[in-house]
Amino acid sequence: MVDEKKREQWKKKLIDNLKREAVKNIIAITGDLAKLDAKVNNTYTVYIKDGRMIKKQTNWKCVVINGKIQG
């Protein structure tokens, strides 16, 4: 038989992993929606990559804004 304490620990880990995956999916979907919104409205998206702020236009040109981000 499985110990009740071990069962609860397993259950908690499973729920934590499911929450983490849900958050990852929400973040990915939000990024995709931002790209679509920028394309529809002929604007751009801004994101941070490797400590730099990047502005990506709908024609796929990328411009580094403000150099290096601190922190």
Side-chain angles (χ1 to χ4, degrees):
M1 274 181 93
V2 177
D3 183 18
E4 193 64 32
K5 185 177 179 181
K6 286 184 181 180
R7 181 181 300 223
E8 286 301 316
Q9 289 173 346
W10 178 82
K11 188 176 174 182
K12 184 178 180 335
K13 279 185 181 179
L14 179 65
I15 291 171
D16 288 346
N17 286 338
L18 289 173
K19 287 179 185 176
R20 190 173 297 118
E21 288 301 315
V23 170
K24 286 180 183 178
N25 288 337
I26 290 169
I27 291 169
I29 290 169
T30 302
D32 292 341
L33 288 174
K35 290 175 190 174
L36 286 172
D37 191 40
K39 190 170 187 173
V40 167
N41 294 309
N42 198 27
T43 59
Y44 53 87
T45 55
V46 177
Y47 58 93
I48 295 176
K49 183 176 182 180
D50 299 328
R52 295 183 181 269
M53 190 177 290
I54 309 291
K55 176 176 143 180
K56 186 179 243 182
Q57 298 171 343
T58 54
N59 61 3
W60 303 106
K61 289 174 89 178
C62 293
V63 178
V64 176
I65 305 171
N66 261 349
K68 193 110 170 122
I69 304 293
Q70 297 297 321

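Residue numbers start at 1 and run along the sequence shown.
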Going by side chain to side chain donor-acceptor pair (under 3.5 Å), name the residues that satisfy it together with Asp32, two or more places apart in sequence or in a different chain. none
Sequence-distant partners of Lys11, side chain to side chain donor-acceptor pair (under 3.5 Å), two or more places apart: none
Look up atom CG in Leu33 and atom NZ in Lys35, then write down how far apart they are to the nearest 0.5 Å. 11.0 Å
Sorted by chain and residue number, the salt bridge (charged side-chain N to carboxylate O under 4.0 Å, His left out) partners of Glu8 (sequence neighbours excluded) come out as none
Starting from Ile27, walk the hydrophobic network (Ile, Leu, Val, Met, Phe, Trp, Tyr; side-chain heavy atoms closer than 4.5 Å) and list everyone else you reach, by chain and number. Val23
How would you list, by chain and number, every residue that makes a side chain to side chain contact (heavy atoms under 4.5 Å, CB included) with Leu18, sequence neighbours excluded? Leu14
Mind checking what makes salt bridge (charged side-chain N to carboxylate O under 4.0 Å, His left out) contact with Lys24, not counting sequence neighbours? Glu21
Not counting sequence neighbours, which residues clear side chain to side chain contact (heavy atoms under 4.5 Å, CB included) with Ala38? List them please. Thr43, Thr45, Thr58
Minimum heavy-atom distance between Tyr44 and Gln57, given as atom pair plus value: CB-CA, 3.9 Å
Only counting residues at least two apart or in another chain, list the ones meeting salt bridge (charged side-chain N to carboxylate O under 4.0 Å, His left out) with Lys61. none
Look at Arg20 together with Asp16 and state whether they make a salt bridge at an N to O cut-off of under 4.0 Å. no
Partners meeting side chain to side chain contact (heavy atoms under 4.5 Å, CB included) with Lys13 (sequence neighbours left out): none
Results of side chain to side chain donor-acceptor pair (under 3.5 Å) for Asn25 - residues two or more places apart only: none
In chain order, what residues pass the side chain to side chain contact (heavy atoms under 4.5 Å, CB included) check against Ile54, with sequence neighbours excluded? Tyr47, Lys49, Arg52, Cys62, Val64
